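Reminder, nothing fancy here: chain letters follow the sequence lines and each chain counts from 1. Atoms considered below: every heavy atom in the structure, side chains included; atoms not considered: hydrogens, waters and symmetry mates. No experiment lies behind these values; they were computed from the predicted model shown.
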Amino acid sequence: MNAIHQEKTIISLIKSCTRKSHLLQLHSQLLRSSHFYNPTIFLSFLSRFALPPLRDLSYSGRIFNDFPETNVSLYNTMIKAHSLGRDSARNGFLLYQELLRLGISSNALSAAVAVKCCTKIESLCNGMQIHAKIWKDGHLSDGLLLTTLMDFYSCLEKGSEAYKVFDDMSHRDIVAWNVLISCYTRNGRTRDALALFDMMRSSNVCQPDDVTCLLVLQACATLNALEWGQKVHSYIVEHGFLNARNVCNSLIVMYSRCGCVEKAYEVFKQMVDRDVVSWSAMISGLASNAFKEMQREGVLPGDQTFTGVLSACSHSGLINEGRMFFKCMSRDFGVKPNIHHYGCMVDLLGRAGLLDDAYELIRSMTIKPDAAMWRTLLGACRIHRYVALGERVVEHLVKLKAQEAGDYVLLLNIYSSSGNSEKVIEVRKMMKEKGIQTTPASSTIELKGQVHEFYADDISHPRKKEIYEMLVEINQQLRIAGYVAEITSELQSKSEPYVLSYHSEKLAIAFGLLATPPGTTIRVAKDLRICVDCHNFCKILSAVYNRKLVIRDRNRFHHFREGRCSCNDYW
DNA sequence: GACCAAGTCA
């Protein structure tokens, strides 16, 4: 009795672990006790490590292999974990075959997760083999398994097979119906998907849920079926699905595809927790509708139009739209891409981490790339830590004789963030030899019509004593809130090694904090990029001091509020 | 008693 109680406690302890470090600690503790070899406890451990949010395949694979026993559940968990990734799904299927080879009796769940792997790797014949085995093992009454199988056929565009499975099901729950709808939309029977929504509503088999709405809205968007969409919208309102973010996002997409941006905007405005998807959907809706409207009014888009559209795409990370517009501008509108268009595309691809594509694009250009273009790419190399490409880009800049101190600083940052200190020293030396001067960065803040300018470690301001005292206090406060100064990854334009000092923006912010009443937004402009450390500083400061902070640096605006920044991570 | 199915932008 006691043992069972203990087991339960340990399992709930494992479940409550949200951090990998805690879990690892618990793991090593248990490893020393006898509990670890309890298969039930080990299973809950394994699934914690193998499945999202942690999903560490190599670690979970190791403990799975090291564990002295095996059983179906352990295998199922591992197969499931592998089925979630495109690259790992093949190994998931191999694990399933291993399970069969070992003679461990597989169950319906094993088949389900193995089928999931086949869906991911798009292997029809492997999936059909499993289907045959399901038949043989008599698992045909398992609704979950059959739903998975249906989805498999649907994803591989074997609609008729999927319908057959559906027909043979003895009990169909809402998920099965939803899979059927998604199968219809995927396999070119979009109108039937809509009809199904009506059928479900009028019969009392299964009432549409939020996912049903999601799927049907998708169908409406492709069919341009505005009235249908509105019907679904009112159903959503009636059933209180409007607080589901993904439902709202789908509504936005549906309305903008149907040309009703106003309606889309209405939905967008009443949302309380908008995420990237909501914003991207809204932006792309606005952009493409404005674009369509322009054509309707017979105004031909010019090169400036595309600069606007492309830069909107690049700022909102709309990669596919950007690519689409870029392709159609010359093909359909006879607008030859100019250097700005290419610049937007390089920025777009670079931000998305598609650096090789960006490099290829520059190479393919008929016009000569300018320094700004290479610099954009260099910035992207810095973000995504592409050392080799970064070096090549600097070579191009040198060839153009356009290299600036800032470029070397960027290169320095690339090396230092990838931990290559030898190269850092080398570049520094070269900069010294070439006599490259770095201009000190400055930050400005406006107060009652007067602009105050600060440099790093500036002591020229009349209120410098207060400002530095304020900074000491801020640092204390922020440290309590968990701020740790980050000095390793970032180097500013100083040629000296990093000394613990205050960048200009910190001085400006401290001044703003002491010179303005609580609640005032602090606005600072900086001529270079804000560094990671100052960025963290701002994030935490905005929460601790409950102030909104707007920093405009060389690249963009950063809006800090309640411990967060508008640019999700640093850039 | 633990492990399981569908789904938002592109």
_Distance (rounded to the nearest 0.5 Å) between A:Leu99 CG and A:Leu94 CG_ = 12.5 Å
*If you look at every strand shown and take non-hydrogen atoms under 4.0 Å, does A:Asp173 touch a base, only sugar-phosphate, or nothing?*
base
*Give A:Ser278 one of three labels, base, sugar-phosphate or nothing, depending on what nucleic acid heavy atoms sit under 4.0 Å from its own.*
nothing
*Would a line drawn from the ring center of A:Phe152 to the ring center of A:His131 be shorter than 6.0 Å?*
no
*Would you indicate, yes or no, if B:dA5 has its OP1 or OP2 atom less than 4.0 angstrom from a side-chain nitrogen or oxygen of A:Lys80?*
yes
*Does CE belonging to A:Met169 count more than 12 external heavy atoms closer than 6.0 Å?*
yes
*asked:* Heavy atoms from C-beta onward define the side chain here; which of B:dT8, B:dA5, B:dA6 lies closest to that of A:Ser250?
replied: B:dT8
*asked:* Counting the benzene-type ring for Trp, do A:Phe333 and A:Phe291 have ring centres under 6.0 Å apart?
replied: yes
*Counting any heavy atom closer than 4.0 Å, what does A:Asn107 reach on the DNA or RNA strands: base, sugar-phosphate only, or nothing?*
nothing
*Which parts of residues 213-233 of chain A get close to DNA chain B, meaning a heavy atom less than 4.0 angstrom away?*
A:Leu214, A:Leu215, A:Gln218
*Assign A:Lys8 to base, sugar-phosphate, or nothing according to its heavy-atom contacts below 4.0 angstrom with the strands shown.*
nothing
*May I ask you to check whether A:Tyr265 and A:Tyr255 place their ring centers less than 6.0 Å from one another?*
no
_Determine whether the aromatic ring centres of residues A:Tyr75 and A:Phe64 are separated by less than 6.0 angstrom._
yes
*Given atom CD1 of A:Ile134 and atom C1' of B:dC4, what is their separation to the nearest angstrom?*
13 Å
*Considering only B:dA5, B:dC9, B:dG7, which nucleotide approaches the side chain of A:Val277 most closely?*
B:dC9
*Just call it for A:Arg257: base, sugar-phosphate, or nothing, with non-hydrogen atoms closer than 4.0 Å on any strand.*
sugar-phosphate
*Rounded distance (Å) that lies between atom P of B:dT8 and atom CG of A:Asn246*: 9 Å
*Should A:Lys15 be listed as having a side-chain N or O under 4.0 Å from OP1 or OP2 of B:dG1?*
no
*Over all heavy atoms of both residues, which pair between A:Thr147 and A:Gly143 is shortest? Give the atoms and the distance, please.*
OG1-O, 2.6 Å
*Should the pair A:Glu266-A:Lys269 be classified as a salt bridge under the 4.0 Å nitrogen-to-oxygen rule?*
no
*Given atom CG of A:Leu149 and atom C1' of B:dC4, what is their separation to the nearest angstrom?*
14 Å
*Choosing from B:dT8, B:dA5, B:dC3, which nucleotide comes nearest the side chain of A:Leu43?*
B:dC3
_For DNA chain B, the residues among residues 174-201 of chain A that have a non-hydrogen atom under 4.0 Å from it_ = A:Val175, A:Asn178, A:Val179, A:Arg186
*Between B:dC3 (C1') and A:Ile63 (CD1): distance, integer Å*: 14 Å
*Has A:Arg274 got its NZ or CZ under 6.0 Å from the middle of the six-membered ring of A:Phe268, at an angle within 45 degrees of the ring axis?*
yes
*Over how many whole Å does the gap from A:Leu46 atom CG to B:dC3 atom P extend?*
12 Å
*asked:* I want to verify a distance call: between B:dA5, B:dT8, B:dC4, whose nearest atom is closest to the A:Leu51 side chain?
replied: B:dC4
_Separation between CZ of A:Phe325 and CG of A:Leu318, rounded to the nearest 0.5 Å_ = 9.5 Å
*asked:* Measure CZ/A:Arg245 against C1'/B:dC9 and give the value in whole Å, please.
replied: 13 Å
*Hey, would you say the A:Phe306 and A:Phe326 ring centroids sit under 6.0 Å apart?*
no
*asked:* From the set B:dG1, B:dG7, B:dC3, return the single nucleotide nearest to any side-chain atom of A:Thr40.
replied: B:dG1
*Measure from CE on A:Met169 to P on B:dA6 and round the result to the nearest Å.*
13 Å
*Of all the nucleotides listed (B:dA5, B:dC3, B:dG7), which has the minimum atom distance to the side chain of A:Thr147?*
B:dA5
*Rounded off to whole Å, could you give me the CZ-to-C1' distance for the A:Phe268 and B:dC9 pair?*
13 Å
